[in-house]
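The chains referred to below are lettered A, B, ... by the order of the sequence lines, with proteins before strands, and numbering in each begins at 1.
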Number of protein chains: 2
Amino acid sequence: MTRVLVIDDEPQILRALRINLSVRGYEVTTASSGGAALRAAAERHPEVIVLDLGLPDMDGIEVLAGLRGWSSAPVIVLSARTDSADKVAALDAGADDYVTKPFGMDEFLARLRAAVRRGAAAPDTADPVVVTDSFTVDLAAKKVTKGDAEVHLTPTEWGMLEMLVRNKGKLVGQKELLREVWGPAYATETHYLRVYLAQLRRKLEDDPSTPRHLITEAGMGYRFQE
Amino acid sequence: MTRVLVIDDEPQILRALRINLSVRGYEVTTASSGGAALRAAAERHPEVIVLDLGLPDMDGIEVLAGLRGWSSAPVIVLSARTDSADKVAALDAGADDYVTKPFGMDEFLARLRAAVRRGAAAPDTADPVVVTDSFTVDLAAKKVTKGDAEVHLTPTEWGMLEMLVRNKGKLVGQKELLREVWGPAYATETHYLRVYLAQLRRKLEDDPSTPRHLITEAGMGYRFQE
DNA sequence: CGGGGGCGTCAAGATCCCGTAAAGCGGCCC
DNA sequence: GGGCCGCTTTACGGGATCTTGACGCCCCCG
């Protein structure tokens, strides 16, 4: 669910955008003044921002500058002004796109999608890798390394490890694990857990008999610790 | 010095852009056909691409798709068409901006700066040519070489190889592969994978029976390793 | 002190998955 | 119309993986 922050002071535009975006599965927050916009952006961390330049309390360019101080979320500027000077000013102040009113909803939505797509690609450079002192888990590549050798895991082993690592630090109940990895029908086959946990420890822990990262909490479940 | 690739078939526009961009310190490469454009993009690694949709040899959208296969450089589309449908199509095909002709040079340059700025945040690490010790894959030219001889691949073989190489190092699930290459309806025909993987290995691996680059992870999927 | 529940370990059989070869089939080009 | 090419389908041996049962340990509790 993509979070969008819409900043505009005209109620009818706000309403039209809110409806159109909500229908398409966006999570919409709105603000009708510059100050409220900056507060909302700080609170909600929207993935994309739609900014109307004609605000009552402050210049749109100032809002943009305020956002760019700490956020790199893509900003699409809306404006009634078609002056090329205005466009240049907004784009150079950090806007990612500039749409003049009145605008077609189809085109606007396409530009929004483009902005979101690009925004999503940017901070993606770092793989979600989890490191411990005895092994490394790459959740995106589904790869596990110990020392510098790659460790081969079976689908079930990986399923358990993934579930535990995604909830690192937290306790994962036995039933949740079984439901996630084997399916709802196996919620009582706690024996499987013991077999596969042992297997994972043998493959990953330095000393499998005294596990330091794949911890069992007797009677409750298991926990992954970095 | 920012590298820009300008793709257009109208000499006067090409000339105008070349002059304007050069004066402002950009390093300009030009191409006047889709094929030349893809080659130039693969060679020069431009940081931003300006693409006119009206090309003589292929549809602009196809050029865009060809670029997006391996490059994440921002693309600004130029077009004489103002139809919202055209804009939507281009933006959804991976364009970052859409400027209709005739356009103001100031605005265009501002949009270019915005695109470059954003592109700089997401460094383009993707190399269209992937090399292993037994074969070479050129994602831009859709060509595979082994030793110094070109290897002929069927469309299906190429589809699989491309998908795997694009996700190099990562594990690609069987369903994802089938969906991408054969379509959503074939998500369970896992047998195809075995047949075609064997074929690819026979054509590419030095010792097809002990593959070193096209690895299978039993029960999960396949992985390409350099 | 004895019993029981929960846990870890091991190993063997059943099951599923993979690699390989080869044949059938349809489309395309000459 | 014939031949070639690529896609689909079948069959089967071998290997990887999952399941299952047996056993011993530890800790808590009666």
Side-chain angles (χ1 to χ4, degrees), chain A residues 142 144 150-164 171-183 185-224, chain B residues 142 144 150-164 171-183 185-224:
Chain A
K142 293 198 200 299
V144 183
E150 196 167 316
V151 179
H152 177 78
L153 296 187
T154 72
T156 309
E157 287 163 6
W158 172 259
M160 290 194 64
L161 184 62
E162 181 177 21
M163 176 88 172
L164 290 170
L171 180 111
V172 182
Q174 319 198 19
K175 287 192 197 113
E176 282 89 340
L177 257 175
L178 286 163
R179 252 203 304 273
E180 175 77 14
V181 179
W182 278 271
Y186 294 74
T188 60
E189 303 284 347
T190 60
H191 184 61
Y192 291 180
L193 298 177
R194 291 197 284 284
V195 173
Y196 280 96
L197 240 297
Q199 214 133 11
L200 279 175
R201 292 206 258 248
R202 209 173 324 133
K203 288 186 178 181
L204 301 179
E205 293 275 6
D206 288 330
D207 180 3
S209 57
T210 60
R212 295 196 9 248
H213 305 105
L214 298 167
I215 313 295
T216 131
E217 305 270 353
M220 312 216 282
Y222 296 87
R223 178 202 309 277
F224 168 79
Chain B
K142 294 193 193 299
V144 183
E150 188 168 325
V151 179
H152 173 77
L153 294 187
T154 72
T156 308
E157 287 163 5
W158 172 258
M160 289 195 64
L161 184 62
E162 182 179 23
M163 175 87 173
L164 289 171
L171 188 138
V172 182
Q174 326 195 52
K175 289 194 199 110
E176 284 95 317
L177 257 175
L178 286 163
R179 253 203 303 275
E180 173 78 13
V181 179
W182 279 270
Y186 293 75
T188 59
E189 303 285 346
T190 60
H191 186 71
Y192 291 180
L193 298 177
R194 293 199 281 283
V195 174
Y196 280 95
L197 240 296
Q199 217 134 9
L200 280 174
R201 291 206 258 247
R202 212 172 317 136
K203 288 186 178 181
L204 301 178
E205 292 274 6
D206 289 330
D207 180 2
S209 57
T210 60
R212 294 193 15 246
H213 304 105
L214 298 167
I215 311 295
T216 133
E217 305 268 354
M220 305 211 278
Y222 295 88
R223 184 199 305 276
F224 168 79

Measuring from B/Met220:CE to B/Leu171:CG, what's the distance to the nearest 0.5 Å? 5.5 Å
Taken in chain and number order and not counting sequence neighbours, the residues that satisfy side-chain hydrogen bond (donor to acceptor under 3.5 Å, both in side chains) with B/Ser209 are B/Asp207
Can you list, pair by pair, the side-chain donor-acceptor contacts under 3.5 Å of residues 191-200 of chain A, counting residues two or more places apart and other chains?
none

Rounded to the nearest 0.5 angstrom, the OG1-OH distance for B/Thr216 and B/Tyr222 is 5.0 Å
Separation of atom CE in B/Met220 from atom P in D/dA16, rounded to whole Å: 15 Å
Would you mind reading off the bend of the helix from C/dC1-D/dG30 to C/dC30-D/dG1 from its two end axes, five pairs each, to 10 degrees? 30°
From CD of B/Gln174 across to C1' of D/dT17 the rounded distance in Å is 13 Å
Quick one: does A/Phe224's side chain get under 4.5 Å of A/Leu214's, heavy atoms only? yes
Measure the distance from CG on B/Leu204 to C1' on C/dG19 and round it to the nearest whole Å. 16 Å
Taking salt bridge (charged side-chain N to carboxylate O under 4.0 Å, His left out) as the definition, give me every residue that meets it alongside A/Glu217, ordered by chain and number, with sequence neighbours left out. A/Arg223
Along nucleotides 24-30 of chain D, 5' to 3', which nucleotides get a B, which get an S, and which get a -, given that the test is a protein heavy-atom distance under 4.0 Å? -------
Below 4.0 Å: OP1/OP2 of D/dT8 and any side-chain N or O of B/Trp182: yes
In whole angstroms, the gap separating C1' of D/dA16 from CD1 of B/Ile215 amounts to 16 Å
Rounding to 0.5 Å, atoms NE2 (A/His152) and CD1 (B/Ile215) come to a distance of 11.0 Å
With distance as the sole test, does B/Glu205 use its side chain to make a donor-acceptor pair with the main-chain N or O of B/His213 at under 3.5 Å? yes
Mind checking salt bridge (charged side-chain N to carboxylate O under 4.0 Å, His left out) for A/Arg212 and listing every partner two or more places apart, or none if nothing turns up? A/Asp133
Looking at DNA chain D, which of residues 185-202 of chain B put a heavy atom within less than 4.0 Å of it? B/His191, B/Tyr192, B/Val195, B/Tyr196
Roughly how far, to the nearest 0.5 Å, is the OG1 atom of A/Thr190 from the CG atom of A/Leu177? 11.5 Å
Starting at CD of A/Glu217 and ending at C1' of C/dG5, how long is that distance when rounded to a whole Å? 18 Å
Of all pairs that satisfy side chain to side chain donor-acceptor pair (under 3.5 Å), the ones with a partner from residues 154-163 of chain A, not counting sequence neighbours: A/Glu157-A/Lys203, A/Trp158-A/Glu162, A/Glu162-A/Arg166
Sequence neighbours excluded, which residues qualify as side-chain hydrogen bond (donor to acceptor under 3.5 Å, both in side chains) partners of B/Glu189? none
Protein-to-nucleotide contact annotation, 5' to 3' order, nucleotides 25-30 of chain C [B base; S sugar-phosphate only; - none; under 4.0 Å, heavy atom]: ------
Keeping to residues at least two apart or across chains, list the side chain to side chain donor-acceptor pair (under 3.5 Å) pairs with something in residues 172-182 of chain A. none
Which residues, if any, of residues 153-162 of chain A bring a heavy atom under 4.0 Å of DNA chain D? A/Thr154, A/Pro155, A/Thr156
